[in-house]
Every structure is written in C-alpha cells, then in structure tokens.
2 protein chains.
Amino acid sequence: MSVEDGRTSATLDAVALAAGVSRATASRVLTGSPRVSESARDRVLRAAASLSYVPNGAARMLVTRRSDAVAFVVCEQEERFFSDPFFATVLKGVHRVVAASRRQLLFAVVAGEADREQLVRYAAGGHLDAAMFLSAHGGETAPARLRERGVPVVLAGRPPSGVGEDLPHVDTDNVDGGRLATQHLLDRGCRRLGLVTGPPDMASSQDRLAGWRRALDDGAGRGQEDARGTPAEVTALVAEGDYTTAGGHRATAELLARMPDLDGVFASNDLMAVGALTLLRERGLRVPEDVAVVGYDDIPLATAVQPALTTVRQPLEELGREMATMVVTALDGGVPASRGRALLPARLVVRDSA
Amino acid sequence: MSVEDGRTSATLDAVALAAGVSRATASRVLTGSPRVSESARDRVLRAAASLSYVPNGAARMLVTRRSDAVAFVVCEQEERFFSDPFFATVLKGVHRVVAASRRQLLFAVVAGEADREQLVRYAAGGHLDAAMFLSAHGGETAPARLRERGVPVVLAGRPPSGVGEDLPHVDTDNVDGGRLATQHLLDRGCRRLGLVTGPPDMASSQDRLAGWRRALDDGAGRGQEDARGTPAEVTALVAEGDYTTAGGHRATAELLARMPDLDGVFASNDLMAVGALTLLRERGLRVPEDVAVVGYDDIPLATAVQPALTTVRQPLEELGREMATMVVTALDGGVPASRGRALLPARLVVRDSA
DNA sequence: CTGTTAGCGCATTCAT
DNA sequence: ATGAATGCGCTAACAG
C-alpha cells in the first residue's frame, strides 16, 4: 500500500518509471491509445493506481487545448435562481448528459458586472470547453463574447435582443404555450381578461405575450362565444410582472384596479399565478368561479396550492438534455455548435384554477 | 479597433511584441509587479487591451500551481438541492466573499459515485484551489480525499462520522437550536411530544436530536410544569424523517399512530414541519390548539404557510461568508485551512404554529 | 509496439 | 528596469 505525499502528487514520469516504460507509453495507456502491448498497459495501470496518479490538468489543458469541463451559467441573483424550480429541472437534464460524456459539469452564477467579467476571463482562459446559458436577459453580453473567443455556447430560450440573435439555442414553444393558456380562458367563457407578463427583457415573456395576442386576435377574427354560445366582446389588459410571487400579487392588484370585473388572468409563470391567487383571495374573489387563473411552468407548487393551478407545462428536463447534447456533440464531433434550434412543445395542464 | 481572430487568442508574446518589450516585462505588467517603468506599463496595458488579451489559464496554472477557482460542492440530488432554500442562502454568503477575492466560484453537484470520482479527479488535477462542501452525508469520502491531495477543504456543518472528524468546518449550533425548539414546546405546556428527525446520517439531524434530548432531560431534572403551573409528566417519541415534506407527513402520521394524544411536534426542518401541518389538517387537528408545531431553518415558506411556522433560524448567509473567508484566508495567507470551527448561534422565531 | 523529441504559454529565476 | 533562459507536466509527431 502506497502512501500519499499530500503535497506533491505523482507525475506521469513517476508512473512511467514505476512501470518501467517511457512517458510516452504511459501516456498512451492513460489516454486509452490502442497501440500498446497488454503487458505494458497492465504495468502502467498498476503503477498509476498504486501512486494514485491523476494527470495534471494544467499540463493536459495546455497541450490538448481542452479542459473537459463545461459550464451551466445562470445570469440571475442567487435567490431567483433557487426559488424557481425551472433551473433545477433543466439542470437535471443537462447533468445526465454531461456526466455521461465524462466531463466536469460546472455551475456558475453571474449576478453582476464583476461576475460577468470574471466568467468571461475564466472561459477565455480555456477553462471551459463550452457554456450553456440560462435565463439570459436582454443586453446580456457574455454568450456572444464567449463565442467570439471560440467557446461554443448554447442558450436556453430564444436570445433576447442584444444578446446575439443567431446564437445556438433550444427553446420551448412559448408562443404556442401563451396561446393555449389564453385560449383556455376564452374557451371557458372568460371575457374580461388580464395578462401578467414576465420581465419585458426576457424572450419567454415576450413570446408568451405574443401567444396571448395571437389567441385574442384569432378570437376576434372568428367572433368569441361565451359559455352559452352567445358571442361576446372580449376586453384584455396587460400588467407587467417579474416572475416573482410578489410581482404577480402586485400586477394582479393593478389589473383589478383597472378592470374590477376581471374574470380571467393568465400569469406568465406559476410563481406569479400563486401571487394572483393570494391577491384574489384577499379581495374575496373566488377562483375559478369569479376569476379563472392560468399559470405557466407547472412547478411542484402548482399542485400544492388551493385551487390547484391550471398551467402550461414545458418539457424542461428534455430542454436540458437537448442543450447538453448539442454541446457534447459539438465537442466530440468537432462540429461547431452551430445554429441548432430545437423547439420543444408546450402543453396545457387543466386543473382547478381555470 | 482590433479584430478578434475567434480561433486563436492572443498570447503574451503577441502582447510583448505589440508593446515593444520582452515577454518578461509584459508578464510583469500583467501580474502587477512593481518593478516596471511607467512607459512600459502603459504600452503593455494598451497592447493587451487592443488584443483583448486574456492569459491562457492552463499555462498559468502550470507554473503558478493555482487555478484561482474555488468550488462550492453539494452532495445531493438536484431536486433536493434546489428545493431547499438552505443552499441558496449559504451560497449567497459564499459568493460575496469569493467574488471579492477575484476568484471564480464554481459550483458542482455530486449526485452519485460517478460524479464523486469525476470531481475528485478534477480537483486533484489542480483545477480547484479549494472546495467548500455542503450537506455532507455520513460516509461521504470526497472532502477527505481532496484534503489528502492537498486541496484545502471546509465543510458546512460538523463532519458526520466517516467523513473526517478533524476536517475544518463551520457550523451553526444545532444542539442549542434543537433545545430551544423543544423547550418552547414544553414552555407552552405541551406534554406529549413528538420529534421528527432528519436523515440519521447527517450531523444536523443528530445534533438537533441531541438538543431535543437535552431539553427533555433538563425538564425532567427540574420537573416540568404545565400552563397552569401544575407539574406534569412528559412523554416523548421520535420518528425518522428525511428533510422532505413528504417525509414529514409520513413521520407525523407515525407519531400520531403511536401517540394519538400528541400535543407538540418538533420537526427538524421546515419542509417536514409543513408536511406535519398538512397531515394534522387532514386529521382534523388544529394547530396550535390541538398540536403545536415547531420547525427549523426559517425558510420563506415558513411565513407563507397557515399557520405561520414557529421555527429556529440559523445565520446561513453568515455561515457562507465564514466558510468562504476561511478558504480565501488560507489561500491568500498560505495558511493551511486548518481547524477552524466557528459555531454560529441559532435562535427561536415564534410565530403562530407553536 | 515503443522511446525520443519537441513544444503548449506562462512566471520566474538570473544576468545585465 | 529589462531581456534571455528555464521549466511546469503532458501529448503528439516522429523515428525506430
């Protein structure tokens, strides 16, 4: 049994020496090259194990130009980031694929300008073979800057303006999701509708809003009918939210102030829908009898809340898998992670709130 | 305005050449060495900026034996990890300190054996200057293995058995927290008490259990008195939970089955307390009138739930800051991150559930 | 199949 | 204050 030094770890030379071969042969064995004799391989492996040999990452990076590490970058404050299960689910999908490719998955949060510079420097320094970006807001420069430096990048979600329109990305169909949610409200007879948007600089917000508009336009085109088959005019209002429960609460209050006979709310995510539920309860309004509420994301909380939320589900784990697959494929195949544009379907999950 | 190549980034040679100095001088400027003339410094800086120079991380690591990156490692499944706000808060504290030290904070999840091996290899390869471990379960080998390889390590929480008793760590006073929670139940007159523990292999569970025992023993010693000042016998039962809402639900059911006249529950974390609340409501028991409930952690959900949870608050952000400070200090000072053992106070937050 | 050789890009001696 | 030379540990191209 060998003893670890604790300070200086074994080098390839040491392994080669112990195995009685040259560095080159030792290296071949350890990198899995086929052109090695059985006996040499065996001796090297044994020596490496006995010395607890681990290759020096710096030396390896320097010559291979790879780090075998990829990052999952979230451009948000820690709070947001953790309070939204969105990230956890996508990360899970990513994790599976990256782990299977035997790379180190690293996880970084960019909560401000200093973080951004640090990350770009880190990546430009060669520490990251690729980066996946989540929740990029408008004006986020990191993805484009990394790509300029030759680091493959994939975004979750359509790049917002100013981020790099042609950046590879994978998205769920937020336009269709927004349309489904809105149409559901119309279908159940709601005619005084309110939308609570997400942050206006995020693509998902914009797209869900576009879907809302599309549903309303479609309806206007062919004439809405209420539950009794009677056509009725539709009134629609929009209030700005921010994807937080508090924001949903506030925005719904605004909606109600501007339209007291509100009968349907589409909140652009579940957290805000929960905020809406809370406010409506405070105002003595019943859900869905007085006001129907539809959320988005189908987070675990959606079923825990009273009434259970009708919402739109996105295949988030699949989104993560897809992103990671694009990255890994690009890395393994040498194919530049060019314009992939998977668009994953969203679907309505009807529960009690609408 | 210079144009980026996009494939090959500028090297120090290129910068030196453009500045009309030697590599050595350029290096001195960029590493902030004092022994450089004003004019040389100026030219080098200008050249570096115009070339968008970023030092090659591999080359730098190779010679400095540092990566300027530290990791925050969570040994949990993604779900757990994100669903528990514990991590977010600690991370926030860590982030502040690490960012201020101009190092890259990396974040890794170890969800299984493959991940563990990958991480150890990554760290042993020199990619990590230090690692902070969260939520280490009994038998977790990574921290000790990293330390053996010369990577400074700090744990959040007392090391559970088999993890390395003498590993540096910073903890909150879980024993006292458990005692406070239990004592509060006794003080309000509860005499038929139930404890829902966390996973038995986690130090925090063990310590909160120890605090529970201590409160009960103290009480036994001096004789408990009920709300009317009448001494009464105390009965106490323990059920095993797992820090999840579902686990709290199940464990509380078990408690109730074994002791139908249960009148006080101490759940070792808020998630389980919420599970307890749900079960008690299902059984038609009022909280706190029939059964008082105390949680632990004071997560945001604690105030959102009905009734608002009486719970124990830990200074988690401070815990994060403390861990990161230990790491950064060790790294900057060259002092081995040896036995630090900050013990941060816990305090009771009384709300409606007990 | 194996050993020898040559850098990868940088920080750091040692001279000057 | 500056330049020339050295080596970190490894992989890969080249001989043999």
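Chain letters run A, B, ... following the sequence lines, proteins first, then strands; residues in each count from 1. Heavy atoms only: backbone and side chains are in, while hydrogens, waters and symmetry mates are out.
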Handout entry: Sugar-phosphate, base or nothing in reach of B:Ala58, heavy atoms under 4.0 Å
Key = nothing
Exercise for the section: Decide, yes or no, whether a salt bridge links A:Arg23 with A:Asp13 under the criterion of side-chain N to carboxylate O below 4.0 Å. Expected result: yes
Practice task
Ignoring the backbone of A:Arg65, work out which of C:dC8, D:dA12, D:dG3 is nearest its side chain.
Solution key: C:dC8
Handout entry: A:Ser37 vs C:dT2: side-chain N/O to OP1/OP2 distance below 4.0 Å
Key = yes
Exercise for the section: Identify whether any heavy atom of B:Thr11 sits under 4.0 Å from a base atom; if not, whether one sits that close to sugar-phosphate; answer base, sugar-phosphate or nothing. Expected result: sugar-phosphate
Handout entry: Whole angstrom value for the distance that separates C1' of C:dT4 from CZ of A:Arg23
Key = 9 Å
Practice task
Give the rounded distance in Å between these two atoms: CG of B:Leu12 and C1' of D:dG3.
Solution key: 13 Å
Practice task
Could you check how far CG of A:Asn56 sits from P of C:dC10, rounded to whole Å?
Solution key: 17 Å
Problem - Check ion pair B:Arg102-A:Glu117 (N to O, under 4.0 angstrom) - result: no
Handout entry: Donor-acceptor contact below 3.5 Å, side chain A:Asp68 vs main chain A:Arg103
Key = no
Problem - Distance below 4.0 Å between A:Ser27 side-chain N/O and D:dT11 OP1 or OP2 - result: yes
Handout entry: Side-chain H-bond candidate by donor/acceptor type, A:Glu76 with A:His137, under 3.5 Å
Key = yes
Handout entry: Length of the CZ-C1' vector between B:Arg35 and C:dT16, whole Å
Key = 15 Å
Fill in the blank from the handout: The nucleotide from C:dG3, D:dT2, C:dT12 with an atom nearest the side chain of B:Ala24 is C:dT12
Fill in the blank from the handout: Exactly one of A:Val327, A:Leu106, A:Val90 clears side-chain contact (heavy atoms from CB on, under 4.5 Å) with A:Phe72, and that residue is A:Val90
Problem - Distance below 4.0 Å between B:Thr25 side-chain N/O and D:dT2 OP1 or OP2 - result: no
Practice task
Return no unless some side-chain N or O of A:Thr31 is found under 4.0 Å from OP1 or OP2 of D:dT11.
Solution key: no
Practice task
Could you tell me the separation between the CZ atom of A:Arg43 and the C1' atom of C:dG3, rounded to a whole number of Å?
Solution key: 13 Å
Fill in the blank from the handout: A:Leu62 CG to D:dT11 P, in whole Å, measures 11 Å
Handout entry: Protein-nucleotide distance (A:Arg28, atom CZ; C:dT4, atom P), rounded to Å
Key = 11 Å
Exercise for the section: Answer yes or no: does a side-chain N or O of A:Tyr53 lie under 4.0 Å from OP1 or OP2 of D:dG9? Expected result: no
Exercise for the section: Would you mind reading off the distance between A:Asp13 atom CG and D:dG7 atom P, rounded to a whole angstrom? Expected result: 14 Å
